[in-house]
Protein chains: 2
Amino acid sequence: MEFSATTFRELCQQHGIAVTHQRQVLFEIMQGMHGHPSPEEVYARVKKKIPAISLATVYKNIHLFVESGIFREVSMHHGTLRVEMNSRPHHHMVCSMCKSISDIDEADLGLLPSHQKLPGGFLVERYAVDVIGICPECQAKKIN
Amino acid sequence: MEFSATTFRELCQQHGIAVTHQRQVLFEIMQGMHGHPSPEEVYARVKKKIPAISLATVYKNIHLFVESGIFREVSMHHGTLRVEMNSRPHHHMVCSMCKSISDIDEADLGLLPSHQKLPGGFLVERYAVDVIGICPECQAKKIN
DNA sequence: CTACATGCAAAAAGTTTGCATCATA
DNA sequence: TATGATGCAAACTTTTTGCATGTAG
């Protein structure tokens with residue numbers, strides 16, 4: 001599940017994009033982040049390695065990675081762009097109080113429809129489930 | 001499935017919020033909109049009835065309605081806040097070819113988990129499911 | 001009459017763009 | 001060397017906030 005610098009070079013060749021130092025560091029750092037970081041969070045981390053990097057470059061390259069299918073965009077109940085590095089089949093638990101998002105394996109979620117076709121003829125490829133609710137931390141706080 | 005002005009008054013009483021002219025008009029107009037309008041779209045419509053209304057008021061009240069559970073927030077592949085007025089529990093079918101989005105009733109979707117708590121202690125309020133697949137129109141195109 | 005809602009304008013947050021400079025292929 | 005990437009700053013979009021005024025309960 002880990003990509004070496006060589007693999008990143010290959011990935012870039014596959015997608016016809018240039019291998020720059022910024023992209024390499026950006027990719028490695030994102031690869032090592034878990035969850036669904038925002039561009040600002042990624043920027044903060046990358047700046048430690050490349051202090052001169054600009055936020056615009058981070059945005060441009062996150063978009064590039066998403067368009068290339070290297071990472072996936074997650075549009076959750078945040079107001080901001082979020083990226084997903086985890087490629088295993090899983091779903092998301094979104095806390096309605098603190099807006100935190102965590103992953104849950106499809107198997108741990110339990111029952112899911114197994115139709116191939118829905119009424120109306122829609123052909124199912126996969127499900128993307130957001131579980132909306134309250135995370136353990138906020139449940140603890142909630143007990144006013 | 002339609003709410004009269006009287007019902008809105010009751011809804012407000014239930015949630016302990018004041019019945020203002022702005023809220024009443026906002027509610028009625030949103031009720032009459034289908035799809036997943038953005039705050040700007042709602043604002044444009046409401047301004048026709050109350051030209052002096054401010055965008056801030058629209059935002060404040062949309063949030064109020066969402067927090068009260070009168071409407072639901074929808075996180076789609078937009079970058080902006082979207083609201084859902086359809087009060088029947090339903091989910092979304094997203095076509096991976098043409099990107100069209102249509103609704104499907106929760107009942108028609110079939111089996112869905114019924115946990116109150118997930119492993120890890122997350123307290124489930126509701127599920128928001130995107131069914132990714134191919135719509136009937138694109139299936140037809142695909143064969144040809 | 002009091003607490004809360006509104007409108008306005010300013011500010012904050014998030015994201016995109018234009019352009020001169022620089023690095024990769 | 002030429003194309004495309006970067007950094008910077010300004011512009012833009014979306015959303016939030018503070019405050020004076022207005023209105024529902």
Side-chain angles (χ1 to χ4, degrees), chain A residues 5-6 8-27 29 36-68 70-71 73-83 99 101, chain B residues 5-6 8-27 29-30 36-44 46-68 70-71 73-83:
Chain A
T6 320
F8 179 62
R9 187 165 287 278
E10 283 164 14
L11 264 180
C12 288
Q13 278 164 357
Q14 279 170 30
H15 294 102
I17 64 180
V19 180
T20 67
H21 181 222
Q22 286 85 336
R23 272 180 199 159
Q24 226 160 275
V25 172
L26 191 49
F27 176 80
I29 282 181
H36 314 96
S38 66
E40 283 286 349
E41 285 162 357
V42 173
Y43 176 56
R45 290 264 213 130
V46 176
K47 245 196 325 197
K48 289 176 187 165
K49 293 238 173 178
I50 312 177
I53 201 169
S54 105
L55 181 57
T57 300
V58 172
Y59 268 99
K60 285 168 188 165
N61 283 313
I62 289 180
H63 282 137
L64 192 70
F65 290 160
V66 168
E67 282 156 26
S68 304
I70 295 175
F71 295 133
E73 182 177 348
V74 170
S75 63
M76 315 259 16
H77 292 244
H78 299 112
T80 66
L81 171 62
R82 298 294 172 126
V83 190
K99 305 296 178 196
I101 298 173
Chain B
T6 318
F8 179 62
R9 186 165 288 276
E10 283 164 15
L11 264 179
C12 288
Q13 278 165 356
Q14 279 171 31
H15 294 102
I17 64 179
V19 180
T20 66
H21 181 222
Q22 286 85 336
R23 273 179 199 162
Q24 225 160 274
V25 171
L26 190 50
F27 176 80
I29 283 181
M30 289 180 74
H36 313 99
S38 67
E40 283 287 348
E41 284 162 357
V42 172
Y43 176 55
V46 175
K47 248 199 317 200
K48 289 177 189 165
K49 294 237 173 181
I50 312 178
I53 201 170
S54 105
L55 180 57
T57 299
V58 171
Y59 268 98
K60 285 169 188 166
N61 284 311
I62 288 179
H63 281 137
L64 192 69
F65 291 160
V66 168
E67 282 156 26
S68 305
I70 296 174
F71 296 135
E73 183 177 346
V74 165
S75 66
M76 314 259 10
H77 294 253
H78 307 107
T80 64
L81 172 63
R82 297 296 171 126
V83 190

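Numbers restart at 1 for each chain; the letters A, B, ... are given by sequence-line order, proteins then strands.
- Atom CD in B/E41 sits about 13 Å away from atom C1' in D/dT14, given to the nearest Å.
- Residues A/R82 and A/E41 come closest through the heavy atom pair NH1-OE1, 4.2 Å.
- Residue B/Q22 has no polar side-chain atom (N or O) positioned under 4.0 Å from OP1 or OP2 of D/dT23.
- Summarising the geometry of B/Q22 relative to B/I50, their closest heavy-atom pair is CA-CD1, 3.9 Å, with the distance given to 0.1 Å.
- Comparing B/T20 and B/Y59 by the nucleotide of DNA chain D that holds the closest heavy atom to each, the one mapping nearer the 5' end is B/Y59.
- Judged by closest nucleotide on DNA chain D, B/S38 is the one of B/S38 and B/V19 placed further toward the 5' end.
- Rounding to the nearest 0.5 Å places CG of B/L26 at 5.0 Å from CZ of B/F65.
- At a cut-off of 3.5 angstrom, counting only N and O atoms as typed in the model, there is no donor on one side facing an acceptor on the other between the side-chain of A/K60 and the base of D/dG4.
- Rounded to the nearest 0.5 Å, atoms CD (A/Q24) and NZ (A/K49) are 11.5 Å apart.
- Between A/L26 atom CG and D/dA5 atom P there is a gap of 14 Å when expressed in whole angstrom units.
- Rounded to whole angstrom, the span from the NE2 atom of A/H63 across to the P atom of D/dG4 amounts to 20 Å.
- Taking the side chain of A/P39 as heavy atoms from C-beta on, and the options C/dA25, C/dT15, D/dG7, the nearest nucleotide is C/dT15.
- Atom pair A/Q13:CD and C/dA25:C1' shows a separation of 10 Å (rounding to whole Å applied).
- Rounding to whole angstrom units, CZ of residue A/R82 and C1' of C/dG14 are separated by 11 Å.
- Of the candidates C/dT6, C/dT24, D/dT15, D/dT15 carries the atom nearest the B/L81 side chain, counting heavy atoms from C-beta on.
- Going from atom OH of B/Y43 over to atom P of D/dT13 covers 15 Å, rounded to whole Å.
- In this structure, of D/dT15, C/dA25, C/dT15, it is C/dT15 that holds the atom nearest to the side chain of A/L55.
- Residue B/H21 places no side-chain N or O under 4.0 Å from the OP1 or OP2 atom of D/dA24.
- When rounded to the nearest whole Å, the span between NE2 of B/H15 and C1' of D/dA24 equals 19 Å.
- Atom-to-atom, CD1 of B/I17 to C1' of C/dT6 comes out at 14 Å; the value is rounded to the nearest Å.
- Within the 4.0 Å cut-off from OP1 or OP2 of D/dA24, not a single side-chain nitrogen or oxygen of B/R23 is found.
- Ring-centre distance between A/F71 and A/F27: below the 6.0 Å cut-off.
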